[in-house]
Student: 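Below you'll find the structure I mean.
Residue numbering restarts at 1 for every chain, and letters A, B, ... go by the order of the sequence lines. The basis for the numbers below is simple: all heavy atoms, side chains too, and nothing from hydrogens, waters or symmetry mates.
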Amino acid sequence: MIKVLLFAHLQEEVGKHQLEVDDTNITVRNLKDNLQSDYQLRQMDQVMVSVNEEYALEDDVVHDGDVVAFIPPVSGG
Amino acid sequence: MIKVLLFAHLQEEVGKHQLEVDDTNITVRNLKDNLQSDYQLRQMDQVMVSVNEEYALEDDVVHDGDVVAFIPPVSGG
Amino acid sequence: MTETLFDIVDHPIEVEPLIKKVERREAGAITTFIGTVREWTKDKKTVYLEYQAYVPMAKKMLATIGDEIQSKWPNTVVAITHRIGRLDISDVAVVIAVSSPHRKAAYEANEYAIERIKQVVPIWKKEHWEDGESWIGDQLEQVPYPTGKPKIEE
Amino acid sequence: MTETLFDIVDHPIEVEPLIKKVERREAGAITTFIGTVREWTKDKKTVYLEYQAYVPMAKKMLATIGDEIQSKWPNTVVAITHRIGRLDISDVAVVIAVSSPHRKAAYEANEYAIERIKQVVPIWKKEHWEDGESWIGDQLEQVPYPTGKPKIEE
């Protein structure tokens with residue numbers, strides 16, 4: 001199981017701040033695509049992904065127990 | 001009468017923080033030269049002069065009642 | 001280290017404690033940057049802001065920025081605190097303090113820190129205007145990351 | 001104006017009151033510069049410093065720097081306080097606070113202010129080392145003023 005965290009507008013569009021996904025050994029890209037189609041999200045090109053609190057690449061593979069976060073363009077400061 | 005204020009090392013070399021000078025209608029340059037020779041001061045090239053709290057030029061003329069300050073290179077901050 | 005140099009808090013930020021964190025006998029210069037909530041952005045009037053963060057990762061990324069600064073400007077000390085939650089006009093959203101023996105590095109490192117915060121730290125701002133609200137993504141106006149992740153210096 | 005934006009004091013300087021002086025609803029950024037007494041300059045160990053000022057003119061020149069900043073970076077507010085008298089290691093000698101709608105101007109104007117203080121404000125520093133003392137003239141190492149007075153922008 002993978003824990004998926006959502007923030008900012010993604011959290012509001014999905015209506016949850018956290019999801020649990022049964023897939024394991026899935027790429028960041030596929031996880032992103034699944035989320036986009038499951039929730040009919042707007043374009044996700046600008047959304048970054050972190051795995052266990054580190055920025056990840058699209059080809060990185062997510063494993064059972066990992067915590068993934070979808071990170072829309074940041075706007076702190 | 002002109003009031004002359006001294007600061008930093010000039011104050012210590014002259015041994016006073018204030019002088020009164022009887023000359024009037026004297027240029028800044030001449031006032032500086034007089035001070036230098038009267039007190040055998042080291043080179044004064046870097047010393048600026050203010051008249052009534054405004055930086056003055058060497059050719060500016062100092063009048064009766066003016067307050068002149070000899071301003072060694074500053075080192076605030 | 002008993003006190004943390006990089007923090008995310010949900011209460012008002014005081015500037016003096018951050019200055020204290022970076023103060024030391026070698027320092028001749030301390031710069032601070034205080035990001036406050038501005039009322040007007042172009043012709044839009046902000047009523048209040050809401051900041052959200054992915055807190056543990058945001059703290060880590062602030063520390064990463066600290067590491068980057070250490071390597072670019074040796075002998076600086078950096079402390080950063082960012083506030084989340086609801087902020088009103090003039091409230092302090094972020095404070096960055098940098099100490100250095102000489103002033104040039106203190107200015108440069110400080111400005112670097114705020115630029116990096118706006119690029120890589122997972123914190124989001126929701127603007128509440130009189131007639132609506134929206135999450136802001138500064139980077140939407142910027143170059144997208146060609147590699148799919150922001151450049152983190154090692 | 002009931003409070004003065006440009007001051008010379010003979011007691012410790014607090015940073016927060018200066019921040020308050022420049023705070024306003026249009027501001028999105030406040031930068032501060034805090035000049036502290038550094039223990040080591042190259043291989044010389046400072047025990048304490050003594051600052052002297054031509055106080056009324058120094059206040060005027062700080063205000064002149066404020067005017068210069070206003071014309072170079074419109075819509076900034078600047079406050080500067082410099083301390084005189086005896087200062088020990090880590091004591092604060094000067095605080096500069098600048099507020100601006102945007103951060104770039106707040107950094108630039110702040111750095112400009114400290115550079116100008118070191119050029120034109122009649123304040124002098126006497127270094128006391130373990131083995132001696134000397135008045136410091138930063139400008140002795142710099143280009144002398146060709147016109148016999150520092151350039152003041154109108």
Student: Can you tell which part of B:L5 gets under 4.5 Å to a heavy atom of chain D, answering side chain, backbone, both or neither?
Tutor: side chain
Student: With a 4.0 Å cut-off on N to O distance, would you call D:D7 and D:K59 a salt bridge?
Tutor: yes
Student: Which bit of B:D59 comes within less than 4.5 Å of chain D, counting heavy atoms only: side chain, backbone, both or neither?
Tutor: neither
Student: Can you classify the ring geometry of D:H82 versus D:Y51 as parallel (below 30°), tilted (30 to 60°) or perpendicular (above 60°)?
Tutor: perpendicular
Student: Has B:H17 got more than 12 heavy atoms of other residues, nucleotides or ligands less than 6.0 Å from its NE2?
Tutor: no
Student: Donor-acceptor pair, D:Y54 side chain versus D:V121 backbone, under 3.5 Å?
Tutor: no
Student: Can you tell me which portion of D:I114 sits under 4.5 Å from chain B's heavy atoms? Options are side chain, backbone, both or neither.
Tutor: side chain
Student: Of the backbone (N, CA, C, O) and the side chain (C-beta and beyond), which part of D:W135 lies under 4.5 Å from a heavy atom of chain B, both, or neither?
Tutor: side chain
Student: What part of D:A58 gets within 4.5 angstrom of chain B, counting heavy atoms only: side chain, backbone, both, or neither?
Tutor: neither
Student: May I ask you to name which of D:S134, D:G35, D:P122 has the most heavy-atom pairs under 4.5 Å with chain B?
Tutor: D:P122
Student: Answer yes or no: is there a side-chain heavy-atom contact under 4.5 Å between D:E23 and D:S99?
Tutor: no
